Amino acid sequence: MHYLSLLAVSCHFLSTTLAQNTRTVFQFPKPYWLENIATTRTGHLLTSVLNKAPAELHIIDPAATYDASTANTTLLHAFPGVNTVFGISEYAPDLFAVATGNYSPATGPEKGTFDIWSVDVSHLSTHPTEKPKVRKIASLPSSAMVNGLAALSKDAILIADSFAGTVIRLDIPTGHTHTVINDSTTAFVAPLGINGLKVLHATDPPTLYYTNTGLSAVFAAPIDPRTGKLVGKPKTLAADQAAPDDLAVTDDGTAFFARPYAGTLVRARAGEAAVVVAGAEGSQELGGVTSATLGRAYGDRGVLYVATMGGFDAQGGYVEGGKIVAVSVGR
Ligand SMILES: *[C@@H]1O[C@H](CO)[C@@H](O)[C@H](O)[C@H]1NC(C)=O
Ligand SMILES: *[C@@H]1O[C@H](CO)[C@@H](O)[C@H](O)[C@H]1NC(C)=O
């Protein structure tokens with residue numbers, strides 16, 4: 001009995017402590033579904049918006065103070081003709097690949113609308129208010145649903161097709177694409193198969209980390225640095241984690257993945273049980289969290305930035321506008 005009540009007290013203390021490791025950096029109006037997030041070398045945050053035409057890519061300085069009058073200065077680029085910006089990944093210094101296309105939670109993805117673009121943010125360190133140079137790298141007419149992106153090298157991007165249940169390699173110089181992984185761990189399982197992905201370059205060979213939403217799991221697999229193909233069996237990093245979305249990975253192979261419906265950010269490492277590091281079921285602190293990225297500025301060591309879609313209310317509407325939250329995970 002004593003032991004149990006002690007445990008209850010320490011658990012309560014733990015959750016109280018965890019609730020204090022977050023800070024809302026920026027909140028969009030309602031409804032604003034933030035889909036993905038990435039950090040630039042200047043410490044700025046790029047975030048993408050789902051189901052709002054034209055498709056918007058925003059930039060937020062987590063060190064700045066925003067108020068209502070500055071809310072609309074965060075738009076970095078709008079992509080005409082489509083309503084969603086999906087994954088974002090830096091493939092060369094200051095060059096970010098982004099995926100665009102049509103998607104709505106009610107009707108799903110629209111095949112034939114998916115493109116990959118290059119967004120050059122090299123102006124940020126000298127002329128932060130300038131507009132970025134944007135060019136199309138390729139169209140993906142046969143992709144069912146382009147979702148997460150992860151740079152394999154300066155010449156290649158890996159793309160998660162959540163409906164086909166595959167990983168596609170895009171060759172940047174030629175714009176050519178082909179399927180490189182089609183595995184039981186990437187497979188389509190309703191509502192979505194492989195979703196978020198990141199390439200860890202700190203290992204040799206590199207390791208592909210990915211979530212599979214329908215399989216409720218997170219995987220890690222060694223891949224060929226040039227082709228992106230599997231060179232070993234995928235390992236399960238976390239299982240029974242309903243609806244994982246996008247993820248961030250540190251150089252030691254620790255993954256932090258977002259669970260929108262649970263409203264939690266979860267840490268997973270090989271050989272350890274997965275653990276919630278921020279948010280809680282039933283709390284709006286990280287309600288609808290979709291994605292995470294590592295802070296890169298000096299003051300951001302031990303900080304992850306997450307994006308949310310605002311959380312779902314009981315009627316299926318949005319509780320609030322999507323927001324960006326800083327989460328301290330310790331250093
Ligand atoms: C920015 O302004 C446009 C048009 O005035 C509006 O539709 C949009 O919701 C605004 N975005 C934000 C983030 O306030
Ligand atoms: C992936 O594999 C499945 C069978 O395992 C096959 O039906 C499907 O066509 C493959 N997809 C691609 C894009 O190769």
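These values consider heavy atoms only, across backbone and side chains, with no hydrogens, waters or symmetry-generated copies. As the structure lists them, so they are numbered: ligands from 1, and atoms in each ligand from 1. Just so it is clear, the structure is predicted and the values come from calculations on it, not from any experiment.
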Would you find a donor on one side and an acceptor on the other, under 3.5 Å apart, between the side chain of Gln284 and the backbone of Gly310?
yes
Identify, for atom 9 (O) of ligand 2, the protein heavy atom at the shortest distance, and state residue, atom and that distance.
Asn182 ND2, 4.8 Å
Using 30° and 60° as the class boundaries, would you call the ring planes of Phe28 and Tyr32 parallel, tilted or perpendicular?
parallel
Classify the ring geometry between Phe114 and Phe86 as parallel (under 30°), tilted (30 to 60°) or perpendicular (over 60°).
tilted
Can you confirm whether some protein heavy atom lies under 4.0 Å from atom 12 (C) of ligand 2, or whether none does?
yes
Would you please indicate if the ring centroids of His58 and Phe26 are separated by under 6.0 Å?
no
Atom 7 (O) of ligand 2 touched by protein heavy atom at under 4.0 Å
no
Contact atoms of ligand 2, heavy-atom distance to Thr179 under 4.0 Å
13 (C)
